[in-house]
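First up is the structure itself, then whatever we jot down about it.
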Amino acid sequence: MKVFRNLAIKWKLAAVIMLIITPSLLLATATFYAHEFLILRRSAARQVLVIGRVIGENCTAALTFQDPAVAHRILQAGQTDPALQAVRIFNRDGRLFAAFPALDDPIGEDMLHPIPRHERVEFRHRQVVMTGPIRLDQEIIGAMVLTYGLSGYYQALAHAGATAALILSAGILIAAWLSLLLQHLISQPLVRLTQAARRISQQQDYGMRVEGEGEDEIGMLVASFNSMLEQIQQRDLAIRENADLFRGVFEQSVNGIALSDETGKLATLNPACAPITGLDPQQVIGRPLDELLRALIPADASPDSPLQILRTTLPEFFRTGNAACLNQEQEDVILRADGTLHHIHYYLFALRTARGPKLCAVLRDITRRVEAEAGLRHNLHFESLMLSISARLVNLAGAEVKREIQRALGEIATFLGIDLIFIGQLEPAGPSLQVDCAWTAPGVGEMPRAISLAAAAADWERLRRGESTILAGDQAALGLPLPASCLLVPLGPRQEASHVIGGVTRQTTREWRADDLRMGRIIGDIFINALTRSRMEIQMDQYQEQLRSLNAQLTLAEERERRAIALDLHDTVGQFLAIARMRLDMLMGTPAHMPHAADFNVIKELLDNAIRHTRSLTVQISPPALYSVGPEAALDSLAEQTTRLNAVQVSFEHDGRPKPLEENVRVLLFRATRELMLNAIKHSRASQVRITMARAGRAVTITIADEGIGFDPPTHDEPHRMQTFGLFSLKERLRSIGGKLELTSRPGAGTTAVITAPLQDEPS
Amino acid sequence: MRCGSALRLGLLLALLGGGTPGAARAQTVTADELELIYILHFAKFARWPDGAQPPVGSAWRIGIYDRAALGGALEYVRGEKVLGRRLEWVDCRRPADVAGCHLIYLNTPDRVAVAALLRAADRRPILTVGQAEDFLRMGGVIQFAPEGRKIRFDINPDAVDRAGLKISAQLFEVARRVRRVPPWTTTNAVEGLL
């Protein structure tokens, strides 16, 4: 059966056909032979019966008329049939009547008893014996026994067998020939199909097609095979496209991609993976992941690091297909073959295939990002430190600035990891530095006040031109207290650098970076600005003091001028108008003015008005009470006049305590109170303004309060800015005398202005 | 004819031995009885033309010239049938008696009577059997011819043909002689008779 199974299909078909046909032919031949046997046997029996009946018929007369000679003569005719071996005729008594061969032949018995009533044919060995009655007109008149040889019968049977064998052989040969000839009809398409399948299997060419034949099952099989090929080709194309796509993504990806097999060995990795991991694909493919991970994980890595956890969970993953570290973005550090540490970001996921789970890792080198983040954090820290230092320096002045700078230098040196930092001035005359501020780490020693750059004149020149310089290891030349590497960064205008900030470290191999240079410039600028600002503030204070003095003098000069004008108005214009009024009164007392009384009245009224305006103007320019009585009387008069001339009730109150004020202070207080009151009348829409004056220690306070609409805090919008310009001027003027102005206001809640001014020193 | 009866009886005992319907009584068969048996056997080996046979159920008539001479021999064959028909034995002494007979047995040596009867039966389907001399020459079909101890007989095919009968070849085989004898003319008959 195994041999048959391995046979080619055409031999199988031929064998099957022969296996079907040969038994059929054998059966047919056997049937034919059996049929021939039966036919011949029946024929022999029939022939014996016929011969017997003929002989019997022919012998009836001989028997009837008891003439054995006639019977003998009839029986002699049997000689013509060689197969007729013997015939014996018996009369009705059973006695032998006639025989063939002759009666003297010792064949058979001479008596037959009983006489058979029916014919009977009996086959014996190579002969058939027929026994039967001889009748005449339905009456049995005798009997006969006929022995017939079967040699002819057997010969015919042998001929039939030979014929059957010949037919069988010919049939088998023809069947074999036809099977070999016709099996092509079935086997040839199958052979072509098999050959096509083999070629497709070997060449992976699914574009091949098998030529179809007919619409039978084989034709349908070929059509189905072609259809299947079409589907496989489409699927193959799709797979190839996907494979190309995957290969393209795999090979062109900027991310490293590594894929294991199902046994835990590295199956492949893309080109981007090698530069990230430093692994040589030729050497690592096929090696266990555990071994590769062990080589990649730094020796000092924590047992809880993601890669360590991954390594410990690998067996579980390849056993179950699951692991806790899957489908998570992780970051870790790897040790490359060149000894450098790299930060990687990776993502692990499982590819579940029929052969088992495969581990896929997508990774990218994030060393630059990590470094950039560290740099950014460093910068942020630096910026924060600078802001803090700047904020501290802003509110300082004078020597405090220098002390703060020295303290800040220490913070910066600690931040930068250097041992010494200083700020100095470039000596315009020669190659040396004058150290302004310095900070040294413990154990470094004292920073010299001056550093000679005589041995590095070229460096000094570069510094002067604004080029930074690195000096390394030459402590004698630098005069520094330690063997060091020094970065000198020029500060100030380019080509005209005036200052230098220097950073010094005992790491003589330290590589100074552009970032260090940038930070140095920032630090230096901040400190130089602080120092400059400090100096400028000192100068500004001096200028402001001078300005305030000038302002006070200007105010006093103005007030003196006002007062001179007021006195002039009062003493000249006022007096003239008063005299003119008196003269008019006198004239109006005479009868002569009667015809012009109306005109005189008009002139009188005009004069009264002029006198009132002159007095008012005098008061406005320089109220006399301010000098003659004091600010309380002047303010009281101001309130009264303002109430009289406006629709606003202005009240004034004071505590009655003595308030010695210098003249300029007194004048400024009056002017400021008047301006603030007029502002309240004009803008507050209040019906009442209350002015109070009180002494508070060594100062006097004047409060101007209304219950008007109030306003938003100053500098919120342009109109307020315009309004507050006057307030700003007022504040500055008050500040010049050592006073101040405080405003409190809210929309809808009124406004309160408080003027504070120092009292004049009283004699003890 | 009567003189040879004993001899015939011996022959019959030797040769026929119960071959007839009266086989059980063969030892008592006379020569006349044996001839009657032969006559019945002759009828079995002959065939009459269509229309000459009586219908089934009718009697098959045998004319006997001298029934008295047969004595009790007729009793011996009483009840026998020929061709499935019962037998009717009638006298046949005159030519007119020939009509209606299927077989006539002229058991007389009287040649004139025999000749007259044979003329009456000529060309009629009648099987004629006799023992007279020149029976065949006178137109008879079968003539008994004793030969030694045996009873033999001769057959005249010409008479068979004239009677329109068919005689089995087997009967010819067992006949002593088969002679085609043309019938006598009147002259010949007279001469023959003379």
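Per chain, numbering begins at 1; letters A, B, ... match sequence-line order. In what follows, every heavy atom counts, from backbone to side chain, and hydrogens, waters and symmetry copies are set aside.
In A/R73, the CZ atom is crowded: over 12 heavy atoms of neighbouring residues, nucleotides or ligands sit closer than 6.0 Å. Enclosure of atom CZ in B/R47 is not indicated, since only 12 or fewer non-hydrogen atoms of other residues, nucleotides or ligands lie within 6.0 angstrom. Counting non-hydrogen atoms of neighbouring residues, nucleotides and ligands closer than 6.0 angstrom, the CH2 atom of B/W89 exceeds 12 such neighbours. Summarising the local packing, CZ of B/R180 is surrounded by more than 12 heavy atoms from other residues, nucleotides or ligands at distances under 6.0 Å.
Looking at B/Q170, its side chain does come within 3.5 Å of a backbone N or O of A/T60 through a donor-acceptor pair.
Checked against ring pair (Phe, Tyr, Trp, His ring centres under 6.0 Å), B/F153 has the following partners two or more places apart in sequence or in another chain: A/F65, B/F42.
To the nearest 0.5 Å, the span separating NE2 on B/H41 from CG on A/L136 amounts to 7.5 Å. Atom CD of A/Q138 is separated from atom NZ of B/K81 by 12.5 Å, given to the nearest 0.5 angstrom.
Here the closest heavy-atom approach between residue B/L171 and residue A/A61 is recorded as N-CB, 4.1 Å.
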Item to check | Worked verdict on A/D67 versus B/R152 for side-chain contact (heavy atoms from CB on, under 4.5 Å) | outcome: CA-CA 10 Å; A/D67 192 346; B/R152 304 299 298 272; 4.2 Å; yes
